[in-house]
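Encoded as structure tokens, the structure appears first; notes follow it.
Remember, it's a predicted structure, so these values are computed and weren't measured experimentally. Computed from heavy atoms alone, side chains included, the values below leave out hydrogens, waters and symmetry copies.
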Amino acid sequence: MVLTKKRIQVVGAVIVDDNQKILCAQRPENKNLALKWEFPGGKIEAGETPVEALKRELVEEMELDISIGEKITTTEYEYDFGIVELTTYFAKILKGEIQLLEHVQIKWVNPADIEKLDWAPADIPAIEIIK
């Protein structure tokens, strides 16, 4: 019997500030991909569009109201816990002060230095595009 892995559809926000730095968020120790860096976002729920999911996730994770811009890419990566399909979008903060409700830390990183962080594998194709 062949077991098929669970497919998980997620979205990520590549948030760029006025100095062209990118918001990077570090995952907590007690979750999958512990202490890896990622673009903030999360799972798409039933009935949601990717843009709706991304706006909701940024409110839940960081208490931020964001505007969603151009789609960057959609990638798939097979982890031991399932196959993640990640769609990333450029985004800007409209209002809110960043709260760390799901992450252990954040950094605003210059695109030239973004590869120095230890990224979750699904995020790497987007990094290759934006750096």
[Y] backbone acceptor or donor facing [X] side chain under 3.5 Å:
| X | Y | value |
| --- | --- | --- |
| N19 | K21 | no |
| N110 | D113 | no |
| W119 | I114 | yes |
| E52 | T49 | yes |
| Y79 | A122 | yes |
| Q99 | E97 | yes |

Hey, what do you get for [atom1] ([X]) to [atom2] ([Y]), rounding to the nearest 0.5 Å?
| X | Y | atom1 | atom2 | answer |
| --- | --- | --- | --- | --- |
| L58 | I15 | CG | CD1 | 4.5 Å |
| T88 | K71 | OG1 | NZ | 8.5 Å |
| L54 | I66 | CG | CD1 | 4.0 Å |
| I130 | F39 | CD1 | CZ | 4.0 Å |

#### Entry: Result of checking R27, Q26, E38 against H103 for side-chain hydrogen bond (donor to acceptor under 3.5 Å, both in side chains)
E38
### Message
Assess the residue pair E102 and M62 against the criterion (side chain to side chain contact (heavy atoms under 4.5 Å, CB included)); give the C-alpha distance rounded to whole Å, side-chain angles, the decisive distance to 0.1 Å, and a yes or no.
### Response
CA-CA 8 Å; E102 287 287 324; M62 297 184 165; over 6 Å; no
### Task
Please test K107 against W37 for side chain to side chain contact (heavy atoms under 4.5 Å, CB included), starting from the C-alpha separation and ending with a verdict.
CA-CA 10 Å; K107 288 184 182 180; W37 290 86; 3.7 Å; yes
Shared ILVMFWY cluster between [X] and [Y], side chains joined below 4.5 angstrom?
| X | Y | answer |
| --- | --- | --- |
| V14 | I127 | yes |
| V59 | I98 | no |
| I129 | V109 | yes |

### Task
Could you tell me whether E57 and K43 have a side-chain N and a carboxylate O separated by less than 4.0 Å?
no
### Query
Any idea which heavy atoms bring E76 and I83 closest together, and the distance?
OE1-CG2, 4.0 Å
### Query
Which pair of non-hydrogen atoms, one from D17 and one from K92, has the smallest distance, and what is that distance?
O-NZ, 3.8 Å
